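Here is how names work: the chains are called A, B, and so on, in the same order as the sequence lines, proteins then strands, and each is numbered from 1. Please read these numbers as outputs of a predicted model, since none were measured by experiment.
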There are 2 protein chains.
Amino acid sequence: MAMDGCDHEGPDGDDAPLGLTKNERRVWETMVGSGEPMKAYEILDALKGSGVRAPMTVYRALDGLEAKGLIHKLEGKNTYVICNHSRPHRLQVFLVCDECPTVTEIDVKGLDTLLSPFARDAGFKIETARLEVRGRCEGC
Amino acid sequence: MAMDGCDHEGPDGDDAPLGLTKNERRVWETMVGSGEPMKAYEILDALKGSGVRAPMTVYRALDGLEAKGLIHKLEGKNTYVICNHSRPHRLQVFLVCDECPTVTEIDVKGLDTLLSPFARDAGFKIETARLEVRGRCEGC
DNA sequence: AATCTTTATAACATGATATAACATCGATCG
DNA sequence: CGATCGATGTTATATCATGTTATAAAGATT
């Protein structure tokens with residue numbers, strides 16, 4: 001319950017969220033416009049025309065967006081994706097296609113419940129979790 | 001260091017990154033495809049078509065895979081074998097401490113079963129999956 | 001022993017990803 | 001005012017994976 005904020009109301013509209021800094025908004029809009037997971041340096045390239053010149057600018061914005069729960073990082077591919085859920089959640093599940101750039105975030109009900117006892121047995125206190133599933137998506 | 005049992009304790013103290021690099025993945029898939037122990041230069045030959053040209057590339061990937069507990073070297077024959085690939089696909093679960101470098105791999109029974117229907121509903125065919133749980137380990 | 005083949009590393013260069021360190025700017029508040 | 005704070009800009013560098021060339025080390029063969 002605490003870990004499960006996956007409402008799945010679909011893409012919550014494309015209007016930029018409030019409370020973003022200038023650079024966060026630029027990065028967020030770039031990512032939304034792309035529609036696919038993006039690498040930090042791809043975002044940087046896309047923003048070169050808007051006067052963004054340094055990696056730092058992008059990474060800081062990505063940090064901010066992630067802290068606000070608006071994006072997630074996919075460690076497996078070093079890419080960043082828009083989070084299409086309506087409020088921050090600590091448990092994320094991604095279906096990552098090996099054949100194409102498609103990444104789908106899904107809600108796996110019961111994952112928290114399944115996981116908790118194993119973590120407890122190991123004396124581990126869960127803060128967040130991210131499950132990256134790799135394989136082939138529907139279209140591939 | 002354990003000789004030949006599949007201990008599967010996560011990398012301890014040595015902070016090997018989780019997940020596979022591109023070359024590790026290529027080597028891993030070659031070995032899975034073969035189904036038999038392979039020699040380094042056999043793997044190299046098999047990957048010549050994918051643009052792998054140098055022994056170093058293979059040996060580095062083998063080192064990485066071994067550090068992650070995914071393969072073992074058979075010293076007697078200078079061959080490398082997949083470790084613990086009994087399941088059709090592999091689900092790894094890591095408990096990653098945010099306070100210290102400790103990473104523990106655990107076995108979450110039922111994860112596969114829980115996950116499969118969700119993937120099937122999305123038309124997704126699972127190959128591998130990796131769950132990174134972040135939080136505080138027992139000692140922290 | 002000398003040589004050849006197979007197995008494995010050393011050493012260096014490049015590219016991709018990410019951060020450190022410090023300077024600047026603008027707003028807000030006492 | 002000036003002090004402080006968050007955001008931004010700027011430069012330099014760290015880190016990780018890979019590519020590339022050459023060579024070391026170990027066994028087998030002659």
Side-chain angles (χ1 to χ4, degrees), chain A residues 16-31 34 36-68 70-81 96 101 130 132, chain B residues 11 13-31 34 36-68 70-81 94 96 98 101 103 130 132 134:
Chain A
L18 305 176
L20 300 189
T21 70
K22 183 178 65 171
N23 286 334
E24 284 169 358
R25 188 165 46 252
R26 289 199 281 198
V27 167
W28 191 86
E29 282 167 356
T30 300
M31 294 176 70
S34 151
E36 287 180 357
M38 294 187 80
K39 290 174 168 289
Y41 278 70
E42 285 174 355
I43 297 170
L44 177 58
D45 284 342
L47 289 173
K48 282 272 169 66
S50 317
V52 176
R53 327 167 103 192
M56 264 319 294
T57 303
V58 172
Y59 281 109
R60 279 199 281 236
L62 289 171
D63 282 350
L65 290 169
E66 186 157 35
K68 295 180 172 87
L70 296 174
I71 66 169
H72 299 303
K73 178 179 182 180
L74 293 174
E75 293 287 346
K77 295 171 114 178
N78 293 316
T79 57
Y80 301 82
V81 296
V96 183
R130 185 188 56 250
E132 294 182 22
Chain B
D14 133 277
D15 40 16
L18 313 175
L20 302 187
T21 69
K22 184 178 66 170
N23 287 334
E24 285 168 358
R25 174 164 288 272
R26 291 199 280 200
V27 167
W28 167 261
E29 282 168 357
T30 300
M31 295 177 71
S34 151
E36 290 179 356
M38 294 187 79
K39 291 172 167 292
Y41 278 70
E42 285 174 356
I43 297 170
L44 177 57
D45 285 342
L47 288 174
K48 281 274 169 64
S50 318
V52 175
R53 328 166 89 179
M56 265 318 293
T57 303
V58 172
Y59 281 108
R60 279 199 279 235
L62 289 171
D63 281 351
L65 290 169
E66 186 157 36
K68 295 176 178 91
L70 296 176
I71 65 170
H72 289 305
K73 178 178 183 180
L74 299 177
E75 291 289 348
K77 303 180 75 177
N78 293 318
T79 57
Y80 301 82
V81 296
F94 296 101
V96 183
D98 284 333
V103 177
R130 182 165 53 91
E132 274 186 36
R134 308 197 68 99

Visitor: What integer distance in Å separates Leu62(B):CG from dT9(C):P?
Guide: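 Nearest whole value for this atom pair: 10 Å.
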Visitor: How close do Ala40(B) and Val58(B) get, heavy atom to heavy atom, and via which atoms?
Guide: O-CG1, 3.7 Å
Visitor: Can you name the closest pair of heavy atoms from Phe94(B) and Val103(B) and give their distance?
Guide: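 In this case the closest contact between Phe94(B) and Val103(B) is CD2-CG1, 3.8 Å.
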Visitor: Does Lys48(B) come within less than 4.0 Å of Asp45(B), counting only side-chain N to carboxylate O?
Guide: yes
Visitor: For Thr21(B) and dC16(D), is the shortest distance between a side-chain N/O and OP1 or OP2 below 4.0 Å?
Guide: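 So the side chain of Thr21(B) is outside the cut-off, no N or O lying under 4.0 Å from OP1 or OP2 of dC16(D).
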Visitor: Could you tell me whether Arg130(B) and Glu132(B) make a salt bridge, using a distance below 4.0 angstrom between a side-chain N and a carboxylate O?
Guide: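 Yes, charged N to carboxylate O under 4.0 Å.
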Visitor: State whether Arg60(A) and Glu24(A) are salt-bridged, where the test is any N-O pair (Lys NZ or Arg NE/NH1/NH2 against Asp/Glu carboxylate O) under 4.0 Å.
Guide: no
Visitor: Let me spell it out: for each of Lys22(A) and Thr57(B), pick the nucleotide of DNA chain D with the closest heavy atom. Which residue's pick is nearer the 5' end?
Guide: Lys22(A)
Visitor: In whole Å, what is the span from the CG atom of Leu44(B) to the C1' atom of dT18(D)?
Guide: 15 Å
Visitor: Could you tell me how far apart Arg53(A) (CZ) and dT24(C) (P) are, to the nearest whole angstrom?
Guide: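 Rounding to the nearest Å, CZ of Arg53(A) and P of dT24(C) are 16 Å apart.
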Visitor: What integer distance in Å separates Glu42(A):CD from dG15(C):P?
Guide: 18 Å
Visitor: Which heavy atom of Ala61(B) sits nearest to which heavy atom of Asn23(B), and what is that distance?
Guide: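 So the two residues come closest at CB-O, 3.7 Å.
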Visitor: Provide, to the nearest angstrom, the distance between the CG atom belonging to Asn23(B) and the P atom belonging to dT20(D).
Guide: 11 Å
Visitor: Does Lys73(B) come within less than 4.0 Å of Glu75(B), counting only side-chain N to carboxylate O?
Guide: yes
Visitor: May I have the distance from Ile43(B) (atom CD1) to dA8(C) (atom P), rounded to whole angstrom?
Guide: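 Computing the Ile43(B):CD1 to dA8(C):P distance gives 10 Å.
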Visitor: Over the length of the helix from dA1(C)-dT30(D) to dG30(C)-dC1(D), how much do the five-pair end axes diverge, rounded to 10 degrees?
Guide: 30°
Visitor: Please confirm whether the backbone N or O of Thr21(B) pairs with a side-chain atom of Arg26(B), one donor and one acceptor, at under 3.5 Å?
Guide: no
Visitor: Rounded to whole Å, how long is the line connecting atom CZ of Arg25(B) with atom P of dC16(D)?
Guide: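 Checked: the CZ to P distance equals 20 Å.
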Visitor: Please give, in whole Å, the distance from dC16(D) P to Leu20(B) CG?
Guide: 17 Å
Visitor: Any sub-3.5 Å donor-acceptor pair from Ser34(A)'s side-chain atoms to Glu36(A)'s backbone N or O?
Guide: yes
Visitor: Starting at the 5' end of nucleotides 16-21 of chain C, put B wherever the base has a protein heavy atom under 4.0 Å, S where only the sugar-phosphate does, and a dash everywhere else.
Guide: -BBBB-
